[in-house]
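Note sheet for the following structure.
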Amino acid sequence: MSALLEVKNIYLSFGGIMAVAGVSFKVNKGEIFSIIGPNGAGKTSVLNVVTGIYKPKRGKILFEDTDITNLPVKKRAKLGLVRTFQNLELFKGMTVLDNLMLSRHIFMNYGLISSIFYFGKALKEEVKNREFVEDVIDFLDLSAVRKKYVFELSYGIQKRVELARALCLQPKLLMLDEPMAGMNTEETEDMARYIIDINEEMGITIILIEHDMNVVMDLSHRVVALDFGEKICEGKPEEVANDERVLSAYLGEEKWV
Amino acid sequence: MNYVNCGNFKTSYAKDAAIYKTVFSKISIYSFLILMLLVPFYANSYILYILNMIFISSIAAVGLNILTGFTGLISLGHGAFIGVGAFATGYLALNYGMNFYFVIPLAALITAIIGIIFGLPSLRLKDLYLSIATLAAQFILEFIFIRAESFTGGVNGMPVAYPTIFGIEINNDFRFYFFAYSFAIVMITIGKNILRTKIGRAFISVRDNYIAAEAMGVDIFKYKLLSFGISSFYAGVAGSLWAYYVQFITPEHFTITVSIQYLSMIIIGGLGSVLGSIFGTIFMVILPEMLRHLVDLLSGVAPFLKQIFPAIREAFYGIVIILFLLFEPEGLARRWNLIKAYWKLWPFSY
Amino acid sequence: MLSIKNIEVVYNDVILVLKGLSLEVQEGNIVCLLGSNGAGKTTTLKAISGLLRPDNGDITDGEILFMGTRIDRKDAAEIVKMGIFQVMEGRRVFKDLTVEENLIAGGYTRTKGEISEGIEKVYTYFPRLKERRKQLAGYMSGGEQQMLAIGRSLMAKPKLILMDEPSLGLSPLLVKEIFKIIKQLNEIEKTSILLVEQNANMALSFSHRGYIMENGRIVLDGDRDYLLANDDVKEFYLGVSSGKKSFRDVKHYRRRKRWLS
Amino acid sequence: MKKLFFMVFLIFSISAFAADTIKIGAIFDFTGGTADVGKPYAEGVKDCVRWFNEKGGINGKKIELFDVDYSYKVPNALAAYKDFKMKGVVAIHGWGTADTEALTKFVAQDKIPYLSASYSEHLADGKKTPYNFFVGASYSDQTEAALQFIKDNKGKTVAFIYNDTGFGRSPFFPDGENAAKKLGIQLVDKQVVDLKALDATAQMLNLKKSGAEYAIVQETYMATSTILKDAKKNGLTTKFIGLNWTFDRPLIKLAGDAANGFYGVSPFAFWSDTDVEGIKFLRELNKKYHPDVHEREINYIQGFSSMYVLLSAIKNVKGPITGESIKHSLESMRDFSTMGLTPPVTFTPDIHKGVRAARIYQIQNGQIKPVSKVITLQ
Amino acid sequence: MEFLTQIIIAGIVIGSIYSLVALGFTLIYKSTGIVNFAQGELLLVGAYVCLHLTVSYQIPFIFSFLITLIFMFFFGFLIERVFLRRMIGEPIISIIMLTIGLSSLLKSIVQIIWGTDTRTFPKIFSHEPVKIGFLNISMVYIFALISIAIFLGIFSYFFKTTKTGVAMRAVASDQQAALSMGIDVRRIFALSWAIAAIVSTVGGVLLGNINGINTSLSQFGLKVFPVVILGGLDSIIGAIVGGIIIGVLENIVGGYIDPLVGGGAKEVFPFVAMIIILLIKPYGLFGTVKVEKV
């Protein structure tokens, strides 16, 4: 397997506090790759560097062997780097459908003029992309809420809408930031299923950040563990789960009484 | 118009994206539009004036709503942009003798360009900072209106000739009604169209969550500028119509008060709603006139009213804005939808 | 001294976060509340301290008693006056105030004399803060900020401190130091502490009792030794599989319909 | 929507109903930017109407005045105008520069004579603006009168101080400049002081550097007061002459000692000019109408005389009273006496400024004193 | 040189009044996050109340001034209670519009009570300018400078040492955290409006003494924006420094550029400067830089 994404020795700091210190890893095509670590370990920061919201102080990001370290955020979506957010970042004032249609933005190829009259190319493109969106809606079982405004929906559904929105961008690499957070068991199971389907049926590579260890262990092909912005372990789920440093990061170094 | 009658199925996505969701609403809208064409044959020039003002203002209000309501960029300089459109009209008509079908698009285009220039700070500024920058735009443009005498006639203002179409001078309220009415319909339809396509969605995404929008591949800066451009284009059209209607423009027509007036229109009507912009305009144009006539009527009973009325009117204006913000923050458009939803199921509304 | 009975918390009138949660803090105890992200730990603390309402949250059911008085309808300010103080997650020091001003703010509910007394006491616990008394809090390191946050809580002379992830983002050594101070506070000042932690083992080892919560409910509770000995606790965090059904095996159904509502 | 229209219709049609009267519209500013002078002006206009009506109206018909406060906002003036038109007014008394200009074309088209308090020269040309009139000397004429006064007092240099609006620039460019040249007075400086300026130190110091002996001021009270105070503070020896909107008691209140020695050009008589017949009359009238008012601003006198001229013109109409006939009646006025409130008023088909003369006054120890004869311009 | 010094001094004085009004604006913004477009109207109300007390009730100026301050304190308090409290957490445009609505309401109330003609204070300060070297400065201006200095002193004492002052800054810095220490945030909000009303009133009374008052005085509220943008929206020291800088720059432009362009530049210059500042230093000289987090 070739590496789809390569993170090379990145450093990131906020006001003197090192959030990420020399993290490197590779994500292979077609795998589910998880990043774990206690709160504040720098997981989301790594994700933010990969998606370009933060610029790393040092280090490089390679996507399909091209250096994207300094590529603006908006261009990364076109390359196929897509993410979801830890705290829902949906467009609350739009319907679910419009949220998803927005993701098709970069695939729609028409200008202001045809948009003004809403005929010809605009109409054709809208319909074509609507078809794609409907496939995703169908895939994630969102058809019942299609025309609802996002703010009306429950948290679990909103999470799913966010996933759908990401899928509409036809990602090559999908980064999920705590997709299960705040969900009940049932919703978690659904979400896990969707993630597996996305990975297996659509062949999309996934980076998963998740706190629920059961999910991580079951779903991931490989896992990297971070603590204090540093990589402490990388490998198969079982290996990571039994790693000394990981255990201590989660459970504390020793037992003080 | 998000409510869809039950038992109404669509078989294509294109139909699903249509503005009017049902045959019934389509028919009622069209018949209303046609009915409006009959109004001038029955109304006097005062009523026509009010309607003309509503048409002109609603174009500008829709423009401002595109920028402020849909894209989330608060503009305190809309009045000045309307001014740009008006002066461009005056300049083009006076110096090149162009007819309105060249002048209006050209003036609007010029306004759009100016709007984009003053939208440039949006690259770095957000929220409050941006709205303060538009406040600056207002004052700077006012200064330019006064100083650039060769273009604007300076403080003395400039006369604007009547527009003519097929040799007919549009020189009274009656004729202007059809003129303004057709512009209003065209501009509002265009607005609706823009807002239901990818551009409109991109605008809302910038408003709702620009970080996510960027992550979705939306070039937010481009869309902010586009929003400024389109919004100013509308202001330009409105300014142009205003110039043609009033036939004499001076910088004093386009002050900060005008900008604020438009903001209150879209707040009262409903941010992020085209229909709301129109409602807001109707409300704000008619309100002072209604009040005036009311006081005229009442002054027979209580003459002192007439004495303090002017101040009361201003107070009323403030109170209306405040009450709307406190109790109907989503504006008249929402109220309208609620009423519609209620009547749709009437008399079995359970 | 504190007992929570069956509370339900809803955000924005929609999202149910706590679903009938109950727990109790005995006088003089350190009680820790463990659980994964999003389980509702912070919400629980906010429900106690009255900080829910500014977040659009609301307690819709159940009651919270503190020293026998119902506090679930009270204002944050009143609750602080009654002796409950929350040290918020992420330290939340006032960055553009100096250390001493931070402490003064912490003692807002006290009189002037008590404030200066309190400041002295804080300095005895944290000599490092005394050295930096005139410095802006924003320029201090994470550990010092955490000390300040705890010191600030002392200013109000609370009977119960709610501590939200004091170890967050600190190095192991500092975490150890912070926990030692928490222990000291409990022993010397006789302050009860309700501790929310992800660092389960460490937190447990300092506590008298622990609760483990998931999805807005308490799923396990017991005293320290019981919990430390419990295999589930370890598993709960690392999920080393022991016969549990894997998520990969969950079946799913899918409709294939294409109706436009 | 339709319901709404119906309601609008209803209210409007009720208010449109009236008996057989002579309808006159009035656009006033009670609350806008010029309310301080607009209010007394309006009172003058209203008192005049009241007086006429008490005398029995015009040819037995009562005058019905529709007055509107437009808050100095042009769209309001437009709305008011359309309303007036609907109600069938035969003449309108307006107010400021911007609104008057905005209505110029309409009144010409609808043939409704329009009197206003904007004395801009370009509103005085009967060919270009056939239905605009004003009773007063144009700002340009006032400037010329001031320059004449300077020449009579052997002044050689002058500066213009104005605000950057149509109102402010109208007296000087180009008329004032030309008049100075014609009279051989050197224009040495131009300074802009904003209408709301709180400080004019920079302008006054520049003026000081220019060494102008006289400065003609086109502002309103507030800015004038700023100018006078800052001039005094910085030890200027320049003598200031203000045009009609700068000069009356409110200025004395505002500027205090600094107002002493300030000259004013006025085509109108002041309340203190008790030897004038019209002032005597107005004092009596006020005793009757407003027993608790003892003093009136010049703006009141302005408003009164302007309306007096209009109503007198209507009175002289032979045949049916229409906008056109009133226009002819106005244009045939020759040396019409306003009881001395203004110099005699003359309109011709070409010249629509009623007065071509003004007098120079001076503030001496807080009192307004005339210091020149009436300066009549050719 | 003398010319330059003169206009700089005049600029400082006018600027210091800008500072006062901007200070009120900043206080409100800093602690409540509300952008107050009605700052000018607070000033107006304060000035009229003081005038009314002095003229109608013949109260000696110094007492009527003090009474006005007390009155305005409660007035500001009341405004927050009645109108702004419900707006906490609303989108910024609603807040802007609410304060705009408030401004037209306050202005018309002033008009209903006091009418529209320009009113003047009885002669309180001598009109004779004070001579310091070659400089001529009016008494009012000296009084303005002194009162601003006094206010600064009071403020720095209040914010540095008193519990309430520190609490106000704490609320500004982190509302939730402040709430968690038992600080009554809503009271602090109301308090900041009260103080803002007071400082604006001082500005209003000074302006009234310089040149009389009418409703157009409220336009002063808009002048505040360039000042606070320059100084940094949430910085008290920024409001003061910004006010003086804008005052001085305005006068320099008035003195040197206006004669070249034929005037008007002085009025528009602050806004041009504002755009430039916004582009170079969006958070002003002393403002807190906001970091976006996802």
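So you know, we letter chains A, B, ... as the sequences are listed, proteins then strands, and number each from 1. Just so we're clear, the structure is a prediction, and the values are computed from it rather than from any experiment.
Screening C/V80, C/L51, C/D75 against E/L179 for a side-chain contact (heavy atoms from CB on, under 4.5 Å) leaves a single residue, C/L51.
With a threshold of 4.5 angstrom between heavy atoms, C/K46 approaches chain E through side-chain atoms but not through N, CA, C or O. Contact of E/A172 with chain C is not made at all, since no heavy-atom distance falls under 4.5 Å. In this structure, chain E has no heavy atom under 4.5 Å from any part of C/I79. Contact annotation for C/A105: both backbone and side-chain heavy atoms come within less than 4.5 Å of a heavy atom of chain E.
More than 12 heavy atoms of other residues, nucleotides or ligands shown are found within 6.0 angstrom of CZ on E/F158. Remark: C/K157 NZ is loosely packed, at most 12 non-hydrogen atoms of other residues, nucleotides or ligands lying under 6.0 Å away.
With E/K163 contributing its side chain and C/R110 its backbone, the two residues share a donor-acceptor pair below 3.5 Å.
Contact tally against chain E (heavy-atom pairs below 4.5 Å) for C/M155, C/K112, C/K95, C/M88: the top residue is C/M88. Across E/A177, E/A178, E/A167, the residue that shares the most heavy-atom pairs under 4.5 angstrom with chain C is E/A177.
A distance of 10.5 Å separates CG in E/D174 from CG in C/L97, rounded to the nearest 0.5 Å. From C/Y108, atom OH reaches atom CD1 of E/I188 across 4.5 Å, with rounding to the nearest 0.5 Å. Atom OG of E/S173 and atom CZ of C/R92 lie 9.5 Å apart (nearest 0.5 Å). Rounded to the nearest 0.5 angstrom, E/R169 CZ and C/I104 CD1 are separated by 9.0 Å.
Side-chain contact between E/M181 and C/F94 is present, with heavy atoms from C-beta onward closer than 4.5 Å.
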